[in-house]
Novice: 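Have a look at the structure that comes next, please.
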Amino acid sequence: MKKKIDTKIIENDFSQKKVNHIVHYLDNFESLLKILKDGFAPSYCLENINSSEYYIPMVSFCNIPLKDVDQYMRYGKYGLGMSLDWALKNGISPVVYIHEKTPFKDFSKKLFSSELYKSNIDNFDIILNATLPAIQFFKNWKTTYKGKEIITYHEREWRYIPDLDDDKVLYPDEFDEKKATHFMRKPHLPEHSINFNIDEIRYIVINNESQRPRVINSLKKKYGDNPVIESILSGKLMIINDELIRNDF
């Protein structure tokens, strides 16, 4: 006689923990208030993909459990955690981590090589538009930060990449030219900001309790008193001191 299998046990064995938020880190409080007011504005960020170096317009987030947030506060002591549904709705996507032996590690260099351009000059724009989105989501699986090796793969980075007609990727000389003539400081592309509703904010990380009233006032000014109070009292929105995360989670 065959032994009956408990399907509930099988389901539990294959269950996965889902992190339902993505967190954007900032290094100063005024920048946090500006995002709460105006939304996330992308800027060009330098990427070094093995032997290739270029700038990508983006806003980056980490999809990690809140208990691990303290490990990634080297990017700033402030944070804004958004719902994963908001991320999916706005086309925010995980990056593709690569290493020295990844088969397509030199993809960007080959794409912009003179040989490819000469051999496909009639179709080059089509090729470029089809392949640039992939390049925009490449990320080295490890890097060096302040002399220490950092495994960036652990950060589970997601990116918002604005839909630009031109300048989807800038090489260093192009970036320097743009910086000299078009923008001098971040954010570089405020016209491509993405906004959010009060019910799409999950966490706001502050550095000291004196900042809490300013955050709440900023939210009330944008959304009104009742929606903000309801979000906080219901637990959908949490304003957390970074010291609490460091010591209590």
Side-chain angles (χ1 to χ4, degrees), residues 15-26 31-45 47 56-69 72 75-76 78-97 129-139 152-169 186-206 215-216 218-240:
S15 64
Q16 291 181 306
K17 182 175 182 178
K18 183 180 179 183
V19 181
N20 286 306
H21 62 264
I22 56 174
V23 182
H24 175 70
Y25 296 97
L26 308 104
S31 294
L32 174 62
L33 293 179
K34 183 172 178 56
I35 292 178
L36 291 176
K37 178 177 177 289
D38 300 326
F40 292 98
S43 291
Y44 285 94
C45 298
E47 279 292 353
I56 303 169
M58 71 170 83
V59 180
S60 62
F61 303 83
C62 290
N63 175 237
I64 56 175
L66 194 62
K67 66 181 179 64
D68 296 328
V69 163
Y72 302 98
Y75 297 115
Y78 303 93
L80 188 54
M82 307 300 299
S83 73
L84 200 59
D85 288 339
W86 173 83
L88 298 174
K89 181 179 73 174
N90 286 282
I92 301 170
S93 300
V95 301
V96 178
Y97 288 98
N129 289 330
T131 53
L132 272 180
I135 293 176
Q136 291 176 320
F137 284 92
F138 283 179
K139 179 81 173 181
T152 53
Y153 177 77
H154 292 165
E155 298 172 3
R156 296 166 58 168
E157 181 181 344
W158 288 49
R159 286 178 182 171
Y160 162 59
I161 306 289
D163 186 14
L164 304 179
D165 293 330
D166 300 304
D167 301 333
K168 296 180 179 180
V169 170
K186 295 182 178 182
H188 299 141
L189 301 165
E191 67 276 16
H192 290 278
S193 297
I194 50 170
N195 223 310
F196 39 81
N197 298 319
I198 184 67
D199 59 354
E200 293 172 320
I201 310 173
R202 289 292 173 265
Y203 305 103
I204 300 175
V205 182
I206 57 177
V215 168
I216 294 175
S218 179
L219 291 172
K220 286 182 176 180
K221 187 174 181 179
K222 184 174 183 177
Y223 301 109
D225 289 5
N226 290 337
V228 174
I229 294 171
E230 182 181 343
S231 292
I232 294 174
L233 291 179
S234 67
K236 292 180 180 178
L237 168 59
M238 298 179 64
I239 303 174
I240 308 174

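Nothing fancy with the numbering, it's 1 onward along the sequence. Below, each value reflects all heavy atoms present in this structure, side chains not excepted, and no hydrogens, waters or symmetry copies. Computed from a predicted model, the values in this text were never measured in an experiment.
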Novice: Within this structure, what is the CD1-CG distance for the pair Ile22 and Leu88, rounded to the nearest 0.5 Å?
Specialist: 8.5 Å
Novice: Is the terminal nitrogen or CZ of Lys34 (NZ for Lys, CZ for Arg) located under 6.0 angstrom from the six-membered ring centre of Phe40 and within 45° of that ring's axis?
Specialist: no
Novice: Tell me yes or no: between the side chains of Asn195 and Lys37, is some donor less than 3.5 Å from an acceptor?
Specialist: no
Novice: Would a 4.5 Å heavy-atom cut-off, applied to side chains only, mark Trp158 and Val95 as touching?
Specialist: no
Novice: Ser93 and Phe137: which non-hydrogen atoms are nearest, and at how many Å?
Specialist: O-CE2, 3.6 Å
Novice: Which atom names give the shortest non-hydrogen contact between Arg159 and Gln136, and what distance separates them?
Specialist: NH1-O, 2.6 Å
Novice: Describe, in one word, how the ring planes of Tyr203 and His21 are oriented to each other, choosing from parallel (under 30°), tilted (30 to 60°) and perpendicular (over 60°).
Specialist: perpendicular
Novice: Do you know which two heavy atoms are closest between Tyr25 and Ile64, and how far apart they sit?
Specialist: OH-CD1, 3.7 Å
Novice: May I ask you to decide whether Lys220 forms a salt bridge with Glu230, counting only side-chain N to carboxylate O separations under 4.0 Å?
Specialist: no
Novice: Heavy atoms only: give me the nearest Pro162-His192 pair and the separation to one decimal.
Specialist: CB-CB, 3.9 Å
Novice: Closer than 4.0 angstrom, basic N to acidic O: yes or no for Lys89 and Glu200?
Specialist: yes
Novice: Could you tell me which non-hydrogen atom of Pro227 sits nearest to which non-hydrogen atom of Gly224, and how far apart they are?
Specialist: CD-O, 3.5 Å
Novice: Locate the shortest heavy-atom distance separating Leu189 from Ala41; write the atom from each residue and the value.
Specialist: O-CB, 4.3 Å
Novice: With a 3.5 Å distance limit and no angle check, can you tell me whether His24 reaches the backbone of Leu80 through a side-chain donor-acceptor pair?
Specialist: no
Novice: Distance from Asn90 atom CG to Met82 atom CE, nearest 0.5 Å?
Specialist: 8.5 Å
